[in-house]
Each structure stands twice: as structure tokens, then as C-alpha cells.
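The structure appears right after this line, and notes come after that.
Just so it is clear: chains get the letters A, B, ... in the order the sequence lines come, proteins before strands, and each one is counted from 1.
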Protein chains: 2
Amino acid sequence: MKRDSRLSSVLHALLHMAEHDGPMTSDDLAKCLGTNPVVVRRSMGFLRQAGIVASDRGHAGGWRITADLSVVSLRQLHDALGEPALFAVGNRNELPECLVEQTVNAALDQSFAEAEALLLKRFGEITLADLAADFTLRHAARRNQRET
Amino acid sequence: MKRDSRLSSVLHALLHMAEHDGPMTSDDLAKCLGTNPVVVRRSMGFLRQAGIVASDRGHAGGWRITADLSVVSLRQLHDALGEPALFAVGNRNELPECLVEQTVNAALDQSFAEAEALLLKRFGEITLADLAADFTLRHAARRNQRET
DNA sequence: CGAATCATAACTATTGATGTTACATGAAGC
DNA sequence: GCTTCATGTAACATCAATAGTTATGATTCG
């Protein structure tokens with residue numbers, strides 16, 4: 001399967017929205033992301049269900065952020081997207097009768113569970129506000145670099 | 001993409017080989033794993049390149065473990081398989097010009113790097129000998145349970 | 001020689017995200 | 001009201017990588 005980049009995509013979209021006054025249309029966002037507006041609607045639709053964004057139709061419509069940037073974590077976005085599988089590697093058979101395979105699964109499951117817990121913990125610690133602040137820093141740094 | 005279960009598969013195969021006297025054919029292993037002998041040869045071929053197993057053709061041929069069980073870690077097996085991507089989730093674009101996307105990537109990369117480091121560390125700590133020992137315990141436990 | 005077995009190429013199946021096209025629905029402006 | 005702009009959604013094509021299958025060749029041993 002292709003790599004799932006929806007979390008990356010919605011973060012990119014949300015940060016553009018945060019830096020932009022007024023709503024942004026799916027077409028605007030699709031151009032930012034280099035993709036198709038339908039793809040944008042699909043992913044953003046999940047965030048709407050989670051109450052993170054809202055959409056308006058018609059003239060001057062589009063997407064806007066309704067939640068507080070400092071409250072929305074990457075973890076919440078991941079959950080809003082339906083908690084897609086994080087790992088590309090896994091057990092061949094989840095409920096094997098074979099005792100050998102049960103042994104193998106137990107070892108792998110343990111390792112994956114620890115890595116997943118750490119990843120979700122990190123996701124829980126990073127908010128949209130953190131990313132917006134980091135962006136501001138990077139933006140300023142780029143300006144300084146240009147001026148020298 | 002389909003979930004990559006090659007690490008799980010070769011572990012299952014190696015543990016059966018460890019419990020079995022003499023070489024096992026690709027057909028034997030395919031039956032244990034519930035798959036096709038060609039699939040077995042494909043995965044085991046990587047382990048042969050890494051010097052972990054050897055194969056013999058002809059009568060009484062098949063696969064045998066050539067390395068010390070206490071030396072081969074899950075990490076080595078993962079490496080032998082070509083270090084396939086561990087995560088199903090990732091950045092939409094690895095080298096974006098857009099500063100917003102760079103900000104998003106940096107945050108995600110950091111989190112994924114930490115989780116990957118932990119996972120590989122765990123993989124490095126678990127050897128085939130550990131799994132074989134765990135299997136022995138499970139085997140004994142099942143026997144006891146039957147007898148009660 | 002002949003059977004057993006690996007080696008390998010070529011092809012199909014699978015799976016889920018991604019991309020695209022088409023059309024319906026609703027809101028704002030004239 | 002009509003047109004335009006926008007989302008909502010269905011339907012289908014594309015893609016990428018493993019997994020599975022078939023077929024054929026190459027070795028080894030009795």
C-alpha cells in the first residue's frame with residue numbers, strides 16, 4: 001500500500017489556515033499541498049467530525065479552524081483520522097494456533113506496543129500552537145539569512 | 001500496501017527449524033507458515049545472504065541455521081531483510097520547499113525517529129535463543145494445563 | 001537416469017491510500 | 001430566481017509493495 005500521509009497533509013493544511021485570514025477553500029489547500037481538492041475534503045471531513053474545523057459552502061465559503069490551536073495535539077488529529085495503523089510491519093497471523101507463532105507474536109507485539117506508546121505520547125505533547133510557533137521561528141530565520 | 005510480515009515469517013520459520021533435527025525444506029516450512037514455498041525461499045534467501053542460514057539442493061536438502069541462536073537478534077533479521085520501512089505513516093513530501101511543510105515534517109520526523117530508535121533497540125535485545133527459551137516455557141505450560 | 005530440492009523469472013492478486021471525474025446540494029450575490 | 005462558488009459524495013482509476021502462483025532451470029544424491 002502507499003504510505004499514509006494524511007496526518008502530514010492535514011497538519012500542513014491546518015498550519016496554512018492558521019497563518020491565513022479567513023476561510024480557505026479546498027482548491028486553495030489542494031494547491032498548497034500539491035494534490036486534488038477532493039482529497040483535501042476527504043481528510044478535512046474527519047477533522048470536521050471531530051470538531052476541529054468547520055466548512056461553509058457557497059460564496060466566501062471554505063474551511064476554518066474552530067478549535068484552540070494550543071489544545072489540538074497531533075494525537076487528536078491522528079485519532080480524528082480514525083487511528084490508522086502506524087506500522088507497516090506486523091504479524092503474519094494475529095491469532096495463530098501454532099505455539100511457535102504465538103511465541104513470535106508475543107515478542108513482536110511487545111516491541112511494537114512500546115514503540116507505539118512512545119510515538120503516541122510524543123504526538124500528545126505536540127500541539128498546533130507549537131508548530132505555529134516553530135514556523136514563526138523558521139520564517140524569521142529565513143528572513144535573517146536573506147538579509148545577510 | 002499490504003502489511004509486511006516477513007520478519008514475523010522468518011522468525012516463525014527459524015524457530016521451527018531450531019526445534020527440528022536436520023534441514024527443513026521450503027515445502028515443510030511453507031506448510032508451517034501456511035504459505036507458498038516460493039515465498040519461503042524469497043525471504044530465507046535474504047537470511048542466507050546475511051550468513052544466518054544455508055540451503056542445500058537435492059535429496060536431503062533444505063534449510064538449516066548456521067548462526068548461533070544466542071547471537072542472532074531480531075534487529076539482525078530486520079537488517080538482513082533489507083531494513084524495510086517500519087512505519088505505515090509518513091510525510092507527504094520528504095523534501096518540501098514550503099516552509100510550513102518543513103515545519104510539519106520536522107515535528108513528525110522527530111517523533112518517528114524516537115519511536116524507531118526504541119523499536120530497533122528492542123529488536124536488538126531479543127535473540128532467537130530468547131524466543132526458543134520462551135517457546136520451551138510455553139510448551140511446558142500447555143502440557144501442564146492439559147494434565148490438570 | 002530420475003527424483004528431490006533450491007533458484008529464479010514472470011505474472012497475478014491483494015490492499016488501502018491517492019488521484020480523478022462527475023454530479024448533487026446549498027449559500028451568497030446580482 | 002438565476003448564476004456562481006463552494007462543499008459533499010459516489011464511482012472509478014492509479015499506485016506501490018508484499019504475497020501468491022506457475023513454470024522452468026539447475027544441482028545433488030541414490
Would you say [X] reaches [N]'s phosphate, i.e. side-chain N/O to OP1/OP2 under 4.0 Å?
{"X": "A/Ser5", "N": "C/dT18", "result": "yes"}
{"X": "A/Ser26", "N": "D/dT7", "result": "yes"}
{"X": "A/Ser55", "N": "D/dG8", "result": "yes"}

In this structure, how many angstroms lie between the [atom2] atom of [N] and the [atom1] atom of [X], rounded?
{"X": "B/Leu7", "N": "D/dA19", "atom1": "CG", "atom2": "C1'", "result": "16 Å"}
{"X": "B/Leu47", "N": "C/dC6", "atom1": "CG", "atom2": "C1'", "result": "15 Å"}
{"X": "A/Lys31", "N": "C/dG19", "atom1": "NZ", "atom2": "P", "result": "16 Å"}
{"X": "A/Met24", "N": "D/dC5", "atom1": "CE", "atom2": "P", "result": "18 Å"}
{"X": "B/Asn93", "N": "C/dT18", "atom1": "CG", "atom2": "C1'", "result": "15 Å"}
{"X": "A/Phe87", "N": "C/dG16", "atom1": "CZ", "atom2": "C1'", "result": "18 Å"}
{"X": "A/Leu81", "N": "C/dA17", "atom1": "CG", "atom2": "C1'", "result": "12 Å"}

Query raised in the report: So, do B/Val72 and B/Thr127 sit near enough that their side-chain heavy atoms are less than 4.5 Å apart?
Result: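 B/Val72 vs B/Thr127: side chains apart.
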Query raised in the report: How far apart are the C-alpha atoms of A/Asp79 and A/Gln76, what are their side-chain angles, what is the distance that settles it, and do they pass the side-chain hydrogen bond (donor to acceptor under 3.5 Å, both in side chains) test?
Result: CA-CA 5 Å; A/Asp79 290 350; A/Gln76 274 178 265; over 6 Å; no
Requested in this report: Please tell me which of the listed nucleotides, D/dT18, D/dT9, C/dG16, lies nearest to the side chain of A/Arg48?
Outcome: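 My answer, after comparing the listed nucleotides, is D/dT9.
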Query raised in the report: Which hydrophobic side chains are connected to A/Leu118, either touching it within the sub-4.5 Å cutoff or through other members that do?
Result: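 Taking Ile, Leu, Val, Met, Phe, Trp and Tyr as members, A/Leu118 shares its hydrophobic cluster with B/Leu118.
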Query raised in the report: Does a salt bridge link B/Arg122 with A/Glu114, judged by any charged N lying under 4.0 Å from a carboxylate O?
Result: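 A salt bridge links B/Arg122 with A/Glu114.
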Requested in this report: Using five pairs at either end of the helix from C/dC1-D/dG30 to C/dC30-D/dG1, determine the angle between the two local helix axes and round it to 10 degrees.
Outcome: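 The value is 10°.
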Requested in this report: Please figure out whether B/Gly45 or B/Arg92 has its closest DNA chain C nucleotide nearer the 5' end.
Outcome: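 It is B/Gly45, whose closest nucleotide lies nearer the 5' terminus.
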Query raised in the report: Quick one: CD on B/Glu19 to CE on B/Met24, what's the gap to the nearest 0.5 Å?
Result: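 If I round to the nearest 0.5 Å, the distance is 10.5 Å.
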Query raised in the report: Where along nucleotides 21-30 of chain D does protein come under 4.0 Å, by heavy atom, of base (B) or sugar-phosphate alone (S), with - for untouched nucleotides?
Result: BB--BBBBB-
